[in-house]
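A short write-up of the structure that comes next.
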Amino acid sequence: MSTDFKATKAMFDLPEGLIYLDGNSLGPLPKTVAPRVAQTITAEWGQMLIRAWNEAKWMEMPLRVGDRIARLVGAEPGSVVMGDTLSIKVWQALASALEMVPGRGVILSDNGNFPSDLYIAQGLTGMLGADYSLRVVDPEAVFDAIDETVAVVMITETDYRTGRRHDMAALARKAHEKGALLVWDLAHSAGAFPVHLARDGADFAVGCTYKYLNSGPGGPAFIYVAPRHQERALPALSGWMGHAAPFAFDLDYRPATGVERMRVGTPPILALAALDAALDVWDNVDMEDLRRVSLDLQDAFIAGVSANCPDLALANPPEREARSSQVSFAHPEGYAIMQALIAHGVIGDFRAPDIMRFGFTPLYIDLDDVAQAVAILTRIMRDRIWDRPEYRVRAKVT
Ligand SMILES: *Cc1c(COP(=O)(O)O)cnc(C)c1O
């Protein structure tokens, strides 16, 4: 049986007449989320009050919800836990991995990475002192740059601008051969296509949930620690929720067993409830189906735009397998074109200096949406509708 994407589309509350191609930045609202959060507020917080930590099992939520994500990213049960934001989880994974490779101080990453990951690595190495540094190379040079000086290879699988993907299994093999560990950022992978953390040898992985997993703005992030490392990895951010016995109130830190040691402080229950409800969308989704249909939608969009908008240059890899779930086109006036598109009911986004991004998930996008989006973009380009002052005004968030 293949996945019923008409059924998943019906699970989202999308504004009438809008084509939403920006789930790669902020996933849309699943219908189950608002009632579930309302219930958590009124029935659990409102009525149970402090008892809800036990009675509504709030305390178990970070691990229980983590297991639902584990299934989507090919992780072993009990190896993913929720909490904090992605930037913080990057810090935690990096610090934890560095500590496990004594005598080496280099974090290797690439200049196609999302800046926050690089900033976090800069902050961490700066704090650790002169023996630690961040080495940044071109994405194509990462494999060859993994040598015996590298402690941790920190790679975001998918380039946030072009959707180009790294071969994570090959990087993991090379890292392990050279005695390094791999931290894998899944921000643009989890929920976008099949991921196989266990099969492909990840040591640590991190990701956010407000993009492809539709948990809402600022939804909690996740961290994965391979089972073989779980009793050795120290959490770096050693908060009481990662303690072996938080309610013993010991004065000395002792890490919990398993991945729960990566918990830091009190979990954001309302945000976790939103995420938990949003994950219902995935219950009957086969990730291989999702991948195949996502690529079909992309192919249709690329073919339509290439045939009708000669001024737009394809900025993602043309081959299907090398792509993620987004399509990018470059144009010097990309910002204004995207503003015109948004004003005409097609929402994508823009990344400096000249990239327009369009996300294609079959969860709520179908071929009719693609055809309409192509038609609207074609009109905007042909009639130069974008060439108006109001479309050039830069907002704070692009
Ligand atoms: C979206 C994204 C982030 C954002 O981190 P937050 O802490 O959630 O703001 C970080 N890294 C990558 C690779 C991303 O794509």
Side-chain angles (χ1 to χ4, degrees), residues 21-28 62 65-66 69 72-73 80-95 97 107-124 134 136-137 139 142 152-166 168 171 182-193 195 197 202 204-224 236-237 262-265 267-268 271-272 274-275 278 316 323-328 348-352 355 357-359 361 396-398:
L21 304 178
D22 208 8
N24 45 293
S25 260
L26 177 67
V65 175
I69 290 181
L72 302 178
V73 294
V80 173
V81 73
M82 311 306 302
D84 315 298
T85 76
L86 176 53
S87 300
I88 289 170
K89 277 347 208 185
V90 169
W91 195 96
Q92 203 179 12
L94 277 180
I107 297 172
L108 175 69
S109 193
D110 71 80
N111 55 27
N113 204 343
F114 188 78
S116 192
D117 296 32
L118 301 176
Y119 303 160
I120 291 285
Q122 287 162 13
L124 178 63
L134 169 66
V136 178
V137 300
V142 170
V152 180
V153 183
M154 172 184 74
I155 299 294
T156 297
E157 179 174 23
T158 304
D159 186 303
Y160 71 105
R161 292 158 305 185
T162 65
R164 172 201 43 74
R165 288 173 66 186
H166 276 292
M168 298 306 294
L171 293 178
L182 180 79
V183 173
W184 180 343
D185 190 327
L186 296 170
H188 287 274
S189 309
F193 46 75
V195 174
L197 286 178
F204 292 82
V206 291
C208 53
T209 59
Y210 52 80
K211 291 171 182 162
Y212 295 94
L213 299 174
N214 314 309
S215 69
F222 63 88
I223 185 165
Y224 163 86
L237 291 168
M262 294 295 163
R263 290 175 62 169
V264 182
L272 276 169
L275 169 61
N316 54 256
R323 277 185 243 144
S324 64
S325 87
Q326 71 187 56
V327 169
S328 304
D349 64 16
F350 174 78
R351 287 294 175 264
I355 300 278
R357 293 194 306 185
F358 304 91
T361 174
K396 201 165 186 173
V397 175
T398 61

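Every number for a ligand or one of its atoms is a count from 1 in the order of the listing. All residue numbers in this chain count up from 1 along the given sequence.
Residue Asp185 touches ligand 1 through its side chain alone, judged by heavy-atom distances below 4.0 Å. The side chain of Tyr210, and not its backbone, has at least one atom closer than 4.0 Å to an atom of ligand 1 (non-hydrogen atoms only; side chain from C-beta on).
Heavy-atom distances between Lys211 and ligand 1 reach below 4.0 Å in at least one pair.
You'll find the side chain of Met168 stays beyond 4.5 Å of the side chain of Val195, heavy atoms only. No side-chain heavy atom of Asp117 sits less than 4.5 Å from a side-chain heavy atom of Val183. In this structure, Ile155 and Trp184 have side chains that are not in contact, with every pair of non-hydrogen atoms separated by 4.5 Å or more.
Under the 30°/60° scheme for interplanar angles, the aromatic rings of Tyr160 and Phe114 are found to stand perpendicular.
In the model, Thr361 has no side-chain atom that pairs as donor or acceptor with a side-chain atom of Ser325 under 3.5 Å. Residues Ser324 and Thr158 bring no donor and acceptor atom of their side chains to less than 3.5 Å of each other. In the model, Ser328 has no side-chain atom that pairs as donor or acceptor with a side-chain atom of Asn316 under 3.5 Å.
Given atom 11 (N) of ligand 1, the protein heavy atom at minimum distance is Asp117 OD1, 2.7 Å.
For the residue pair Ser25 and Tyr210, the shortest heavy atom distance occurs at O-CD1, 3.6 Å.
Taking all heavy atoms of Ile88, Leu86, Leu186, Ile155 into account, the minimum distance to atom 3 (C) of ligand 1 is reached by Leu86.
Close approach of ligand 1 to Ala187 (heavy-atom distance below 4.0 Å) involves ligand atoms 12 (C), 13 (C), 14 (C), 15 (O). Within the listing of ligand 1, atoms 5 (O), 6 (P), 7 (O) sit less than 4.0 angstrom from a heavy atom of Ser87. Here is the list of ligand 1 atoms found below 4.0 Å of a heavy atom in His188: 15 (O). Taking every non-hydrogen atom of Thr156 and a distance limit under 4.0 Å, the qualifying atoms of ligand 1 come out as 13 (C).
Residue contacts with ligand 1: Thr85 is placed with a nitrogen or oxygen under 3.5 Å of a nitrogen or oxygen of the ligand (distance criterion only). Considering backbone and side-chain atoms alike, Asn113 places every N or O at 3.5 Å or more from each N or O of ligand 1.
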